[in-house]
Structure formats: C-alpha cells, structure tokens
There are 2 protein chains.
Amino acid sequence: MQDQLSQTFAALADPTRRAILAHLSQGEANVSDLAKPFLKDMSLPAITKHLKVLEKAGLVTKTRDAQWRPCKLNGEALKTASDWMEQYRQYWEESFDRLDAYLKTVTAKKKATAKGKKNGRKK
Amino acid sequence: MQDQLSQTFAALADPTRRAILAHLSQGEANVSDLAKPFLKDMSLPAITKHLKVLEKAGLVTKTRDAQWRPCKLNGEALKTASDWMEQYRQYWEESFDRLDAYLKTVTAKKKATAKGKKNGRKK
DNA sequence: TGGTTAATTAACTTATAGGTTAAATATAAA
DNA sequence: TTTATATTTAACCTATAAGTTAATTAACCA
C-alpha cells in the first residue's frame, strides 16, 4: 500500500474521477447519480471502482441510506495535497522566480564547494 | 496520450519523483546528482525514466551541457495543478465548510425539482 | 586513438490500473 | 414472497507503470 499523498495524487490523475469530484462539489450524490454522465462511456462497476479509489485516497466519503450510497466530498485530503504544492508556490509566481532560483543555485554551489566535491557544472 | 493535468497529477503520485522535485527546488542538478540518493534502491535507468515522466508532465526541463543534462524545476505545471485544486479550497477551509455544503445541497435539490438550468459556478 | 564518464535505449519481467460481463447482495415495494 | 432497484463483487482481459540488466550513444580527456 502506498503513502496517502501518493494515493491522493494518483486519484486526481484521472479525468473521470476529477469530474466525479466536480459533481460532488455541487452537493451529495449517490452512485447512480454520479455514474449517469459516464454511462455512455463506461459501465456502472467502473464507477464503483473509481469511487473506491477516491475513497481510499480520502477524497470522498460514502455512507448508507437504504440501498443508496450517498457520497460526499471530503476536503481534508485535498488540503494535504494543496499544502504539499504550496511549498513550490515561489516557483510559479513571477518576479520572485528568477531571483530565488538564482539564490538557490548559489547556495547549492557553495555547499558543493564546501564539501570539497567537484560538481562538473560550468559557467 | 492523456491530458496535461492528468499527466501532472500522475507524475506527482510517486514519492521518488516528489523527492526529485524537492531536490530541484534547491537549484539545478544533473541526472547523476538527482540519482545519487536513490542508487541504493534503484538503478540509474529508473531515474532516467522518472525524469522522463516529470518532463512529459511539464514539471521539469532538461537541457544539455556536454555530457551532462542539467535539470530544473518548471513551476508552470505545478501552478496549473494548484489552480485546479484552488476551486475546492472552500471544502477544506472550516466554518464556511458546513454552511456551503448545505447551500450546495439545497441548490442541487432545487435543480432536481425545477428541472431547471445549468449552473457554471465560479468562485 | 582509446579510455572514462554521463546518460539513454533496448529488451525484458512483474504488478497493477482500468475496463469488461455476469452473478451476487441488500433493501424497498407490490 | 416475489420483483424491482441500487450497488458491489468476481473473474477476467489488456495496456502500461516501474523496475531490471546489458548494450549503446555522446562528449571529454590523456
């Protein structure tokens, strides 16, 4: 079994599953509601499997109501993933970008030199 | 070939690749630099493959310098993924959470009853 | 020229993701 | 008690992800 963060990203790496999450962002829905937009393209058991992936990733919570299985979005796992990405924000925000990248490079070079390791990079 | 966002999330769904990104956040590095921490666990060609996944996902850019291949982090793909997640922020930020979920449910019900219109929501 | 270093490619193995159809389960409704 | 509805499970198929080892390419160096 993989670590939770890997499972979360893996769950998000499928357009069907992201569409299911989008649907759930409109509110609770049961399995056949969620399946309906996809039944032209795939079977109901396929959706059951997608939901299982989303559940294991912690992105969706499934409860019981008679023969229905109401599903709802679970924000926590998304937050974990978002927090992980947050540490890279500086790398996509302009202006800072080049300066920071430069500073990081300098630091890296200093470290390499201090350790007495040649680092094979020129310029 | 998959859509870009799926490829990005798939690339992030592996701890080795996330560690490579973390390394690159400290500055440029070539393939063997990046491989070093993993050579106890896997071969160099394995790292080559991981880098290829990261490149295709747009997360890493590889250039040439003699026989070396300096790699650097590319923030844009991360931003795309982060932007996608952003739309769910409300689902992991407390206080809003329950109220908003409730409102969404009400809206969904009304839609079902009124057989109404499309909703294209944003923000 | 030949040797060394850096990295990739090729060919292969194994596990798993994502789909299928058919059968099974669970609850409600008639 | 049977039938209908909602969903899951089982068994299976196929493509691909992730690793391996061995061979190959490319550039530099002596």
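Computed over heavy atoms, backbone and side chain alike; hydrogens, waters and symmetry mates excluded. Here is the naming used below: chain letters follow the sequence lines, and residue numbers restart at 1 for every chain.
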Classify the nucleic acid contact of B/Ser32 as base, sugar-phosphate or nothing, counting any heavy atom under 4.0 Å across all strands shown. sugar-phosphate
Is there side-chain contact between A/Asp33 and A/Glu28, with heavy atoms separated by less than 4.5 Å? no
Terminal axis angle for the helix from C/dT1-D/dA30 to C/dA30-D/dT1, five pairs an end, nearest 10 degrees: 10°
Test B/Leu12 against A/Leu12 for side chain to side chain contact (heavy atoms under 4.5 Å, CB included), laying out the working first. CA-CA 10 Å; B/Leu12 296 177; A/Leu12 296 176; over 6 Å; no
Which parts of nucleotides 16-22 of chain D does protein reach within less than 4.0 Å, heavy atoms only, written one letter per nucleotide 5' to 3' as B for base, S for sugar-phosphate only and - for none? --BBBBB
Going by salt bridge (Lys or Arg N to Asp or Glu O under 4.0 Å), name the residues that satisfy it together with B/Arg18, two or more places apart in sequence or in a different chain. A/Asp3
Can you list, in residue-number order, the parts of residues 63-73 of chain A that come under 4.0 Å of DNA chain D, counting heavy atoms only? A/Gln67, A/Trp68, A/Arg69
May I have the distance from A/Leu54 (atom CG) to C/dG18 (atom C1'), rounded to whole angstrom? 13 Å
Rounded to the Å, how far apart are A/Lys56 NZ and D/dT8 P? 13 Å
Mind listing the side-chain donor-acceptor pairs of residues 34-50 of chain A below 3.5 Å, one per line with the distance, residues two or more places apart or on another chain?
unit_1  : atom_1 : unit_2  : atom_2 : d
A/Ser43 : OG     : A/Ala46 : N      : 3.4
A/His50 : ND1    : A/Arg17 : NH1    : 3.2

Exercise answer: donor-acceptor pairs, residues 52-61 of chain B side-chain atoms, under 3.5 Å, sequence neighbours excluded:
unit_1  : atom_1 : unit_2  : atom_2 : d
B/Glu55 : OE1    : B/Lys62 : NZ     : 3.3

Is it the case that the side chain of B/Tyr88 and the backbone of A/Leu78 share a donor-acceptor pair, with hydrogens and angles ignored and the cut-off at 3.5 Å? no
Whole-Å distance, B/Leu34 CG to C/dA7 P, equals 9 Å
With sequence neighbours left out, which residue pairs that include part of residues 4-32 of chain B fulfil the ring-ring contact (aromatic ring centres under 6.0 Å, His included) condition? B/Phe9-B/Trp84
Give every residue pair that meets the side chain to side chain donor-acceptor pair (under 3.5 Å) criterion with at least one member in residues 63-78 of chain A, sequence neighbours excluded. none
Distance, rounded to the nearest Å, where B/Asn30 contributes CG and D/dC28 contributes P: 14 Å
Residues in salt bridge (Lys or Arg N to Asp or Glu O under 4.0 Å) with A/Glu86, at least two apart? A/Arg89
With sequence neighbours left out, write down each residue that passes side-chain contact (heavy atoms from CB on, under 4.5 Å) with B/Lys79, or none if nothing qualifies. A/Trp92, B/Asp83
Length of the line joining A/Leu51:CG and D/dT9:C1', which is rounded to integer Å: 15 Å
Does B/Gln4 offer a backbone N or O that forms a donor-acceptor pair with the side chain of B/Thr8 under 3.5 Å? yes
Separation of atom NZ in A/Lys52 from atom C1' in D/dT9, rounded to whole Å: 8 Å
